[in-house]
Student: 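Let me begin by handing over the structure; questions about it come next.
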Amino acid sequence: MSNYDFRKIENKWQDRWKKDQTFRADNSSKKPKYYVLDMFPYPSGAGLHVGHPLGYIASDIVSRFKMNQGFNVLHPMGFDAFGLPAEQYAIQTGQHPAITTKNNIERYKDQMNKIGFAYDWSREVQTCDPAYYKWTQWIFMKLFDSWYERDADKARPIDALITILEKSGSERLNAVCDEGTDHLTAEQWNELTWEDQQKYLLKYRMAFLAETSVNWCAALGTVLSNDEVKDGYSERGGHPVERKKMMQWCLRITAYAERLIKGLDHLDWSEALKEIQRNWIGRSQGGELDFPIQGKEERIRVFTTRPDTIFGVTFMTLAPESEWVDKLTTPEQRTAVKQYVKEASNRSERDRLSEVKRVTGVFTGSYVLHPFTQKPLPIWVADYVLAGYGTGAVMAVPAHDTRDFAFAKKFNLPILKVIDGGPEDEAYDAKEGKAINSDFLNGLEVKEAIARAIERLEAQEIGIGKINYRIRDAIFTRQRYWGEPLPVYFKGEIPCLVSEKDLPLILPEVDKYLPTESGEPPLARAKNWVYKAEDGKEYPLEKSTMPGWAGSSWYFFRYMDADNAQAFCSKDAQAYWESVDLYIGGAEHATGHLLYARFWTKFLYDLGLINTDEPFKKLVNQGMIQGRSSLAYRITGTNKFVSANLKDQYETSPMHVDVSLVKDDVLDLEKFRKWRPDLAEADFITEGSKFYCGFEVEKMSKSRFNVVTPDDIIEGYGADTLRMYEMFLGPLEQSKPWNTNGIDGVFKFLNKVWRLFHNETGEWAVVDDSASPQELKSIHTAIKKVNEDLQRLAFNTPVSSLMICVNELTALKCRKRNILEILTVLLSPFAPHLAEELWECLGQKGTVARAPFPKHDESFLLESTYEYPVSVNGKLRTKMDLALDMSPGDIEKAVLDAEPVQKWLDGKTPKKVIVVPGKIVNIVV
RNA sequence: GCGGAUGUGGCGAAAUUGGUAGACGCACUAGACUUAGGAUCUAGCGCCGCGAGGCAUGGGGGUUCGAGUCCCUCCAUCCGCACCA
């Protein structure tokens, strides 16, 4: 019998869904809402391979399932369309990135539509669309016009800060601001010029301009954020990255550090992902304290998590970049220190990483005084101290810190033990034991000692309890072309926002996409890149653009109200859809997108623009699909190939073979010979009639000939098979290689479904007879399993349940309408095209996507008897058929009376009989 | 080093609360029907053993009548962070 005509069916229904706008979501509905979202893709030139749709298929199944359950489902798709690859391509070819991007998006949408996703395309967003980035710019303006008040623990409009400054100055202000910002009285503030007031406000704004140490990638001509750098190389392109001080726009994400950590507690995300975010934010609790400099008025402030070890401090260490270094170096030491600082600054990030174990440093010649003992302690410079963390200065406690210990050993500095315990010849850094040699801390456990030390520091005004975070403020500029322009112009040095009515600030045309000769970003090439301000004068506009993550930090709100020209998202729409109920995407965004999106959501919440402060309630990370390359073994130096299991008998070299020439690891020799001209004369040593290939799991790439596209699979088996097979591969979260072996099983299943509805000659064969108990049991088992499994987001097991059901119905030759109707609905989230076709053939009105999901009836699942396993002392002996409605007591009696059991007992009385109804009977002798 | 995860047949994998381990699928084997097909159906398929039976969920130990599941310990693989004071 021939296969069902999936091509015809799938085209028909894809057209129909498009024409009828079947999956359009309603912004006001009496039904409960459900928002399912995929991380929108960057449309790369390579198109989708078979790994990309894994998460999309899962989310599509959930959204269709929720539709069947009577939810008003929002399931949109869009494109994260600004980004480096299109721009790199533009630099090489001169083609405008907008054109490349548009073409790639077309390709992506075409590929997606072939898979039959239930997207509401009317809500599509593209981050490079001016109608969209207008609002990205608008949110940036809000960030610029806001500051963070610690007492209220939220961001507030900058006007409120100005009012406070005018009335009472900044002395009582508890706000997040740049390190080292001076306090002003109201009088001082009011006397400042407009320029100086603006400069001062910049220290408080949520979006601010600052000289910061950045990751500079010379090859890409731009700065990169920490999560865009991997092991000292750029994530995109793998170019070397160095540290450099530059003036940059930054967002004050650090103000939200605590809330970003706390918020994780209530999210339904994997513990692994939460942990990654917690580590990235890197909260550490401790204290800051001042060490007076010997012979000077000033004090050096350090951060420590171990104030309990204060009496074990034997020296101090400064980061080479610390501003103290220059001030404290004595004339005798100047040459050595200068030399050291220069070397340290020349060492790239990569060198530092590869030389972790090298201990280096130099003495400044100066001393600080111990705040309690007044003992002088030498001040050293060492590159194990990071300028960017804490205060850039460390109180070194060699006895209880591994790095301080190594340093002390190398430079022969004293080591003083102040916590009892641990070995003598290494640092004891566990937070356990009692304080010794520590004056007022003696005898206290570490935990108490920390508290007591902070108490004393505060009482004597030497220091203060403090929490430090590893996370840095997010750099928000890229010296690139293909991104959102910042809506900022400059009056001299003072950045000002363009007027809201002039948004969007459209990305200008440029002649080339490269930086200018003088090293300015590409936008410097734009003609007339100036802003005509309200005073009628023209001012230069900001030449950097926003980073790739700007547009993706709020797109999930735009879907709620995608066409709104008046607001980024209306309050009504947001109040209705609230936040994303289920978000599916890769774990690689853990420290980038997922953190920034949470940050922006909290910010928008603070300003009262939305009413949720977490964007993604539940998050699932789909695993990566790796490639599975096929290898043919060539006998070295010949044109002769040997089947995989015989290769050890020869000296061979493996060769990548296009996976389309291989099925179940068997190479199609005809196709192989035609594949490349040099292989036309190839010889083969086969196993029987078959030539087997070996395989290797590696990244999917063209050069390895292991790329499988959804289009390939759809061509051969159809979209429904692709969808089901991707789910059947294993748990969604798990990474796994793509292996087309086994797809036949799913394809056969769908054909079996087709044959359930049709007779041997392909005619419609559904009958109206009433169903038998067996048939009812089979279908209700499937309802129960599919329902339960989808509820807990397991996608592989329901496919199995459907297979079992169809096998049983086939064996029963069941063609009964009421059974098959249910089956069709159960199937519809997985294989929507086939289900839709069968639904129509069944004469049902409307689309199967809106059919109510069936509920199972427990009474069909019960049987009158059950085969109980009977075990003696935990070992299985036999099975006995017993009535299901028997009480545990009756079962016990029946089992003990049975002849074989009497034989095992051999006259002995059992100590215990355990009956688990429906499960097992265990006799303990 | 710190943190997280995973480990079950030839392969992908099931086993939601401790209760017949290996469902379902692939591959493989045998058979049926066949004017050969990459179709369909039936049966078999963890390991050892002719058999009864024994052994099996990374290794070792423990709790329990009973452990893939709970506890301890060790090993392996993958991922994240990594001079963060």
Side-chain angles (χ1 to χ4, degrees), chain A residues 1-3 270-280 282-284 286 302-306 309 317 319 352-353 355-359 382-386 388-397 400-404 406-407 429 468-471 587-588 590-591 624 663-666 716 725 728-731 733-737 739-749 751-752 755 760 785 788-789 791-792 794 796-804 807 810-811 867-876 878-879 910-916 918-925:
Chain A
M1 193 187 288
S2 62
N3 296 326
S270 72
E271 207 42 52
L273 199 81
K274 288 186 187 178
E275 213 40 48
I276 292 173
Q277 287 213 344
R278 284 193 197 106
N279 289 342
W280 188 262
R283 182 186 202 268
S284 51
V302 300
F303 173 76
T304 179
T305 55
R306 296 296 300 275
T309 60
T317 336
R352 266 174 103 147
L353 281 170
E355 291 173 14
V356 166
K357 292 207 174 82
R358 208 177 82 178
V359 179
D383 69 358
Y384 79 83
V385 181
L386 304 175
Y389 186 76
T391 61
V394 169
M395 60 173 229
V397 186
H400 304 290
D401 181 279
T402 319
R403 296 149 303 174
D404 296 344
F407 196 83
D429 52 12
N468 237 319
Y469 300 93
R470 201 178 68 92
I471 193 172
E588 67 273 17
T591 54
M624 291 263 282
K663 173 142 200 228
D664 291 335
D665 291 336
V666 177
Y725 184 58
F728 190 63
L729 275 175
E733 278 105 327
Q734 199 170 295
S735 287
K736 53 225 159 189
N739 189 346
T740 309
N741 301 355
I743 197 167
D744 283 342
V746 171
F747 186 57
K748 275 188 221 167
F749 161 74
N751 278 301
K752 269 185 202 171
R755 285 199 301 274
E760 287 72 16
K785 286 288 288 171
E788 282 173 358
D789 288 347
Q791 218 72 258
R792 67 184 170 103
N796 50 343
T797 41
V799 177
S800 295
S801 305
L802 288 167
M803 285 178 173
I804 294 167
N807 282 344
T810 303
E867 213 175 44
Y868 273 85
V870 177
S871 85
V872 179
N873 285 342
K875 297 209 170 176
L876 191 71
T878 191
K879 290 172 188 173
K911 276 188 206 147
K912 210 175 359 172
V913 180
I914 299 148
V915 177
V916 185
K919 297 271 183 181
I920 194 165
V921 180
N922 198 318
I923 303 163
V924 186
V925 185

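Letters go in sequence order (proteins before strands), and every chain restarts at 1. All figures in this text were calculated on a predicted structure; none of them were measured in a lab. Heavy-atom basis, side chains included; hydrogens, waters and symmetry copies ignored.
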Student: For B:rG4 and A:R278 - does any side-chain N or O of the residue sit under 4.0 Å from the phosphate oxygens OP1/OP2?
Tutor: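 It does not, given that no N or O in the side chain of A:R278 lies less than 4.0 Å from OP1 or OP2 of B:rG4.
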
Student: Which value, in whole Å, describes the distance between the C1' atoms of nucleotides B:rG19 and B:rC28?
Tutor: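 It works out to 33 Å between them.
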
Student: So how far is it from A:Y868 OH to A:I920 CD1, rounded to the nearest 0.5 Å?
Tutor: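 So the gap between those two atoms works out to 11.0 Å.
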
Student: Taking the side chain from A:N739 and the backbone from A:N741, do they hold a donor-acceptor pair closer than 3.5 Å?
Tutor: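 Flag set: sc A:N739 to bb A:N741 pair under 3.5 Å.
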
Student: With a 4.0 Å cut-off on heavy atoms, is A:K748 in touch with a base, just the backbone sugar-phosphate, or nothing at all?
Tutor: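 The answer is sugar-phosphate, as A:K748 gets under 4.0 Å only of primed atoms, P, OP1 or OP2.
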
Student: Taking the nucleotide of RNA chain B with the nearest heavy atom to each, does A:I923 or A:D744 sit closer to the 5' end?
Tutor: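 Its nearest nucleotide lies further toward 5', so the answer is A:D744.
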
Student: Figure out the CZ/P separation between A:F749 and B:rA39, and round it to whole Å.
Tutor: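 Going from A:F749 (CZ) to B:rA39 (P), I get 18 Å.
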
Student: Using a 4.0 Å heavy-atom cut-off, write out nucleotides 14-22 of chain B from 5' to 3' as B (base contacted by protein), S (sugar-phosphate only) or - (no contact).
Tutor: SSB--BB--

Student: Specify the separation, in whole Å, of atom CG of A:N3 and atom P of B:rG38.
Tutor: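 So the CG-P distance, A:N3 to B:rG38, works out to 12 Å.
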
Student: Separation of A:I276 atom CD1 from B:rC78 atom P, in whole Å?
Tutor: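 Distance check: A:I276 CD1 to B:rC78 P gives 17 Å.
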
Student: Can you check the distance between B:rA23 and B:rC45, where both ends of the measurement are the C1' atom (answer in whole Å)?
Tutor: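 Here B:rA23 and B:rC45 have their C1' atoms 15 Å from each other.
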
Student: B:rA85 phosphate, OP1 or OP2: any side-chain N/O from A:S284 under 4.0 angstrom?
Tutor: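 Yes.
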
Student: Applying the Watson-Crick and G-U wobble criteria at under 3.5 Å, what pairs with B:rC65? Answer none if nothing qualifies.
Tutor: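 Looking at the geometry, B:rC65 pairs with B:rG19.
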
Student: Give the rounded distance in Å between these two atoms: CG of A:L273 and C1' of B:rA5.
Tutor: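 Distance check: A:L273 CG to B:rA5 C1' gives 12 Å.
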
Student: What nucleotide, of B:rC41, B:rA23, B:rA85, holds the atom closest to the side chain of A:K752?
Tutor: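 Of the candidates, B:rC41 comes closest.
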
Student: Find the partner of B:rG80: check Watson-Crick (N1-N3 plus N6-O4 or O6-N4) and G-U wobble (N1-O2, O6-N3) distances, both under 3.5 Å, and reply none if neither fits.
Tutor: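 B:rC2 - that is the nucleotide pairing with B:rG80, both distances being under 3.5 Å.
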
Student: Considering only atom C1', compute the distance from B:rC78 to B:rA85 and round it to an integer number of Å.
Tutor: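 Taking atom C1' in both B:rC78 and B:rA85, they lie 31 Å apart.
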
Student: Using the C1' atom in both, what is the distance from B:rG54 to B:rG58, to the nearest Å?
Tutor: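 Nearest-Å result for B:rG54 against B:rG58 at atom C1': 22 Å.
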
Student: With the side chain of A:Y384 defined as its heavy atoms from C-beta on, choose the nearest nucleotide among B:rG38, B:rC83, B:rA23.
Tutor: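 Shortest atom-to-atom distance from the side chain points to B:rC83.
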
Student: Measure the distance from CD on A:E760 to P on B:rA39 and round it to the nearest whole Å.
Tutor: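 It works out to 18 Å between those atoms.
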
Student: For A:K274, which contact category applies under a 4.0 Å heavy-atom criterion: base, sugar-phosphate, or nothing?
Tutor: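 Nothing, no nucleic acid heavy atom in range.
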
Student: Does A:K785 use its side chain to pair, donor to acceptor, with the backbone of A:V799 at less than 3.5 Å?
Tutor: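 Between the backbone of A:V799 and the side chain of A:K785 there is no qualifying donor-acceptor contact (under 3.5 Å).
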
Student: Check whether A:D404 reaches the backbone of A:V397 with its side chain - one donor and one acceptor, N or O, closer than 3.5 Å.
Tutor: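 A pair under 3.5 Å: yes.
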
Student: Are the side chain of A:Q277 and the backbone of A:T591 linked by a donor-acceptor contact shorter than 3.5 Å?
Tutor: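 Not a single qualifying donor-acceptor pair exists.
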
Student: Does any nucleotide pair with B:rA27 by Watson-Crick or G-U wobble geometry, both distances under 3.5 Å, and what is it?
Tutor: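 Paired with no nucleotide.
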
Student: Taking any heavy-atom pair under 4.0 Å as a contact, classify A:N468: base, sugar-phosphate, or nothing.
Tutor: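 Touches nothing.
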
Student: Do A:V924 and A:P910 make a side-chain contact, defined as non-hydrogen atoms from C-beta onward lying under 4.5 Å apart?
Tutor: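 They are not in contact (no side-chain heavy atoms under 4.5 Å apart), so the answer is no.
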
Student: Taking any strand in view, what nucleotide pairs with B:rA13 in a Watson-Crick or G-U wobble way, both distances under 3.5 Å?
Tutor: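 The base-pairing partner of B:rA13, which may sit in any strand shown, does not exist here.
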
Student: Please give, in whole Å, the distance from B:rC2 C1' to A:R470 CZ?
Tutor: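 Atom CZ in A:R470 sits about 12 Å away from atom C1' in B:rC2.
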
Student: In whole Å, what separates the C1' atom of B:rG46 from that of B:rG22?
Tutor: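 Nearest-Å result for B:rG46 against B:rG22 at atom C1': 8 Å.
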
Student: Side chain of A:N741 only, heavy atoms from C-beta on: which candidate in B:rA23, B:rC81, B:rC26 is closest?
Tutor: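 Out of B:rA23, B:rC81, B:rC26, the nucleotide with an atom closest to A:N741's side chain is B:rC26.
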
Student: Looking only at side-chain atoms of A:M803, point me to the closest of B:rG3, B:rG25, B:rA85.
Tutor: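 Between B:rG3, B:rG25, B:rA85, the one nearest the side chain of A:M803 would be B:rG25.
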
Student: Please check if the side chain of A:R755 supplies one atom and the backbone of A:E760 the other of a donor-acceptor pair under 3.5 Å.
Tutor: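 Absent.
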
Student: In whole angstrom, give me the gap between the C1' atoms of B:rC26 and B:rA14.
Tutor: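 Straight-line distance between the two C1' atoms is 15 Å.
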
Student: Could you tell me how far B:rA27 sits from B:rC33 if I compare only their P atoms? Round to whole Å.
Tutor: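 After rounding to an integer number of Å, I get 23 Å for this pair.
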
Student: Enter syn or anti for the glycosidic conformation of B:rG59, syn applying to angles within 90° of 0.
Tutor: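 Judged by the O4'-C1' to base torsion, B:rG59 sits in anti, the angle falling more than 90° away from 0.
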
Student: Please report the shortest heavy-atom distance between A:H400 and A:D429, naming the atom on each side.
Tutor: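 Distance-wise, the nearest heavy atoms are O-CB, 3.5 Å.
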
Student: Within the 4.5 Å heavy-atom criterion, are A:R792 and A:T797 side-chain neighbours or not?
Tutor: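 A side-chain contact under 4.5 Å exists here.
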
Student: Roughly, in whole Å, what's the span from CD1 in A:I471 to P in B:rC81?
Tutor: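 It works out to 13 Å between those atoms.
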
Student: Between B:rU57 and B:rG3, how far apart are the P atoms? Round to whole Å, please.
Tutor: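 One P to the other, the span is 29 Å.
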
Student: When both hydrogen-bonding distances must be under 3.5 Å and the geometry is Watson-Crick or G-U wobble, what is B:rC47 paired with, if anything?
Tutor: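 Result: B:rG54.
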
Student: Can you tell me how far CE of A:M395 sits from OG1 of A:T309, rounded to the nearest 0.5 angstrom?
Tutor: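 One finds 4.0 Å between OG1 of A:T309 and CE of A:M395.
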
Student: Could you tell me how far apart A:D664 (CG) and B:rG25 (P) are, to the nearest whole angstrom?
Tutor: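 Rounded to whole Å, this separation is 16 Å.
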
Student: Report the residue (A:S801 or A:V872) whose heavy-atom-nearest nucleotide on RNA chain B is the more 5′ of the two.
Tutor: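 Its nearest nucleotide being more 5', the pick is A:S801.
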
Student: Starting the side chain at C-beta, find the nucleotide from B:rC65, B:rG12, B:rA85 nearest to A:V924.
Tutor: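 Closest of the options to the side chain of A:V924: B:rC65.
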
